[in-house]
Each structure stands twice: as structure tokens, then as C-alpha cells.
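What follows is a set of notes on a single structure, which appears directly below.
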Amino acid sequence: MEIKKERSLVIIKPDGVQRTLIGEIIHRYERTGLKLVAMKMVVPSAEQVERHYTEVNPQWKENVGKKAIEGYKSKGMTPPSEDPIEIGNAVVDRLKKYMTSGPVVAMCFEGAHAVELIRKITGGTEPRTSDVGTIRGDYVLDSYQMADTDDRAIRNLIHASGDTEEAEKEINLWFDKDEVINYRLVQEQMLYDVNLDGILE
Ligand code: ADP
Ligand code: MG
């Protein structure tokens, strides 16, 4: 795969839509130079949500559990369980409720280092500890503690692919081949051209 054509899936989750942050979120990614190559608004089914999280990455349940346990321990708190898989199973059920509660906006961005850049701009999973300047850090306040207390998913506005392999599978899950558009942006010359020899007359 050509490096300039790396792709990542972004989903503005139901809370991002309800908080009227669609424009702001797209703007944050778009202004880096990444190119929007697919976009649609849908109300996902529970089955789609389950496939998105569990089918794309078989390690996901365990990872999600481990991250939650670390999150609690870093705050000197006791996690609700020491078993990552148990936490992972509970999170899937909560995500089904969260992600099917209203429309979401699914998008595919393309460009050099798309996956890594989008994760950087998005911020860490738990908004309480996401860096300042990231979307999750700037626009929302949720935490593991809040989510567990109310038995719900963490509301963090966005899904962003975790790595390039995950990205490819996720894009196939959300978009038909002909919904992802190959086209050129004028600004790509400025981002990628080797000699910048097309400017001066
Ligand atoms: P990310 O979205 O940062 O890649 P994960 O893939 O680990 O995070 O988890 C997917 C989503 O599940 C998170 O964005 C969040 O909405 C929710 N989530 C993760 N861990 C928990 C948890 N311990 N409790 C509730 N919801 C969680
Ligand atoms: Mg993830």
C-alpha cells in the first residue's frame, strides 16, 4: 500500500452528533491535510456494532479490559474486576446500547500516516485523562468511573481505527467499495510534491 494512501475509519458517535460537534470534529482532521474519501450518516444496528468491535480485532476484548484496569490503578482505585475478558464482555453490551441510540457519521480519511495522526488528534480513550488539545480532551469529560457507576459505555465522541489492519477491515464493514472515492485534492501537490516546481510562472 502506498504510504500517501493510508486510510483510517472515523465514526462520530451518537454523543458527537447530539453535541452538534460534527463540523468541529471533521475540521480537526481535515485541516491536517488528510483527505475525506467517504462519508455517511447511519443509525447502526446492534449486530453492526458487535461486528465492528469483536470481529475486526479478536484481541479487542482483552485489550479493552486491560486498559480499564490500568485506568483505575493509575488513579489509585480498585477496578470492578481483575479479569480483562469479563470487562470486555460488559463493554460490548454497553457499546451496543450507546452506538445504536441515534445517528452516527462514518467517515474514511486518506493520507500519509492517517491512522496515527487521527489517533493523535482524537486523544486517549478516557476523556478524563485524554491530552489537552485532543478532541476527546477538549470537548468531553467522561471517565471509567462515571461509565461503570452508571453501567454504560464511556461517551468519548469518536471512534478512530487503532492500526492499519483494523482500519482496512473496519472500512470494509462500513462502506461498499464504490462508496470510497478515489480523487485528487489540489493541496496534495503542496503536501507531497517532491520539487514544488509547479508554483512559479
Ligand atoms: P478507543 O475508542 O479509544 O479505540 P477501545 O477500542 O479500547 O477505545 O474501546 C472502544 C470504546 O468502548 C471506547 O471508545 C469507549 O466508548 C468504550 N469503552 C472502552 N472501555 C470502556 C470501559 N471500561 N467502560 C465503558 N466503556 C468503555
Ligand atoms: Mg479501539
Side-chain angles (χ1 to χ4, degrees), residues 7-19 21 25 28-29 44 46 48-75 77-109 114-131 133-174:
R7 287 176 173 171
S8 181
L9 183 84
V10 171
I11 301 173
I12 304 179
K13 294 175 173 178
D15 52 332
V17 174
Q18 295 303 318
R19 298 271 315 276
L21 288 171
I25 289 168
R28 293 267 187 134
Y29 300 123
Q48 172 90 345
V49 174
E50 168 135 24
R51 289 182 67 197
H52 169 82
Y53 284 107
T54 63
E55 199 178 286
V56 164
N57 178 359
Q59 283 293 309
W60 178 82
K61 270 188 196 173
E62 193 176 346
N63 293 345
V64 93
K66 282 186 183 159
K67 269 204 294 186
I69 292 167
E70 272 167 37
Y72 272 98
K73 292 191 171 165
S74 73
K75 294 281 176 209
M77 297 166 73
T78 311
S81 161
E82 288 286 348
D83 177 5
I85 302 281
E86 190 184 324
I87 297 179
N89 283 330
V91 171
V92 177
D93 287 339
R94 294 169 178 189
L95 278 167
K96 284 192 208 162
K97 260 197 208 159
Y98 172 34
M99 295 294 287
T100 61
S101 66
V104 305
V105 179
M107 289 173 280
C108 177
F109 280 95
V115 170
E116 185 184 319
L117 290 175
I118 285 176
R119 292 294 294 197
K120 181 179 75 168
I121 296 162
T122 304
T125 304
E126 186 195 31
R128 176 184 186 178
T129 49
S130 308
D131 289 336
T134 64
I135 302 170
R136 286 169 172 171
D138 285 355
Y139 290 110
V140 70
L141 47 64
D142 215 5
S143 64
Y144 288 114
Q145 189 184 2
M146 289 284 296
D148 283 328
T149 304
D150 295 338
D151 192 18
R152 60 167 176 75
I154 295 180
R155 294 178 190 153
N156 56 9
L157 306 172
I158 295 158
H159 165 79
S161 304
D163 57 51
T164 50
E165 205 183 314
E166 215 174 272
E168 203 179 312
K169 291 185 194 161
E170 289 175 357
I171 292 162
N172 283 332
L173 193 63
W174 289 86

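Atoms within a ligand are numbered from 1 in the order they appear, just like the ligands themselves. Because the structure is predicted, anything quoted here is derived from the model rather than measured.
The side chain of L95, and not its backbone, has at least one atom closer than 4.0 Å to an atom of ligand 1 (non-hydrogen atoms only; side chain from C-beta on).
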Given K169 and E165, is the salt bridge (charged side-chain N to carboxylate O under 4.0 Å, His left out) satisfied, shown in steps? CA-CA 7 Å; K169 291 185 194 161; E165 205 183 314; 3.8 Å; yes
Salt bridge (charged side-chain N to carboxylate O under 4.0 Å, His left out) between R94 and D148: does it pass, once the steps are laid out? CA-CA 10 Å; R94 294 169 178 189; D148 283 328; 2.9 Å; yes
May I have the step-by-step check of side-chain contact (heavy atoms from CB on, under 4.5 Å) for Y98 and R155, ending in yes or no? CA-CA 8 Å; Y98 172 34; R155 294 178 190 153; 3.9 Å; yes
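Any N or O atom pair closer than 3.5 Å counts here, and K13 shares at least one such pair with ligand 1.
Ring geometry, H159 versus Y53: the interplanar angle exceeds 60°, so the pair is classed perpendicular (tilted spans 30 to 60°).
Just one of D15, N156, I154, L157 meets the side chain to side chain contact (heavy atoms under 4.5 Å, CB included) condition when paired with D142; it is I154.
Under the rule for a ring pair (Phe, Tyr, Trp, His ring centres under 6.0 Å), the partners of Y29 that lie at least two apart in sequence or sit in another chain are F109. Residues passing the side chain to side chain donor-acceptor pair (under 3.5 Å) test with T164, sequence neighbours excluded: none.
Among I154, I158, V56, the residue whose heavy atom sits closest to atom 26 (N) of ligand 1 is I154.
Using a 4.0 Å cut-off to heavy atoms of R152, the atoms of ligand 1 that qualify are 25 (C). Less than 4.0 angstrom separates some heavy atom of Y53 from each of these atoms of ligand 1: 10 (C). Those atoms of ligand 1 with a heavy atom of A68 less than 4.0 angstrom away are 23 (N). Of all atoms in ligand 1, numbered sequentially from 1 with element shown, those under 4.0 Å from a heavy atom of K67 are 3 (O), 5 (P), 7 (O), 8 (O).
No salt bridge links E116 with K120; every basic N to acidic carboxylate O contact stays at or beyond 4.0 Å.
Among all protein heavy atoms, the one lying closest to atom 13 (C) of ligand 1 is N156 ND2, 3.5 Å. When only non-hydrogen protein atoms are considered, atom 6 (O) of ligand 1 lies nearest to W60 NE1, 2.8 Å. Regarding atom 4 (O) of ligand 1, its nearest protein heavy-atom neighbour is R119 NH1, 2.9 Å. Protein heavy atom nearest atom 9 (O) of ligand 1, with residue, atom name and distance: V64 CG2, 3.6 Å. What sits closest to atom 2 (O) of ligand 1 on the protein, heavy atoms only, is R136 NH2, 3.1 Å. Ranking the protein heavy atoms by distance from atom 8 (O) of ligand 1 puts T125 OG1, 3.2 Å first. Among all non-hydrogen protein atoms, the one lying nearest atom 24 (N) of ligand 1 is R94 NH1, 3.5 Å. With respect to atom 18 (N) of ligand 1, the closest heavy atom belonging to the protein is V91 CG1, 3.7 Å.
Within the structure, ligand 1 lacks G162 among the residues with a heavy atom less than 4.0 angstrom away.
Of the possible polar contacts, none joining the R7 side chain to the A114 backbone as a donor-acceptor pair under 3.5 Å is found. R128 places no side-chain N or O within 3.5 Å of a backbone atom of M146 that could act as its donor or acceptor partner.
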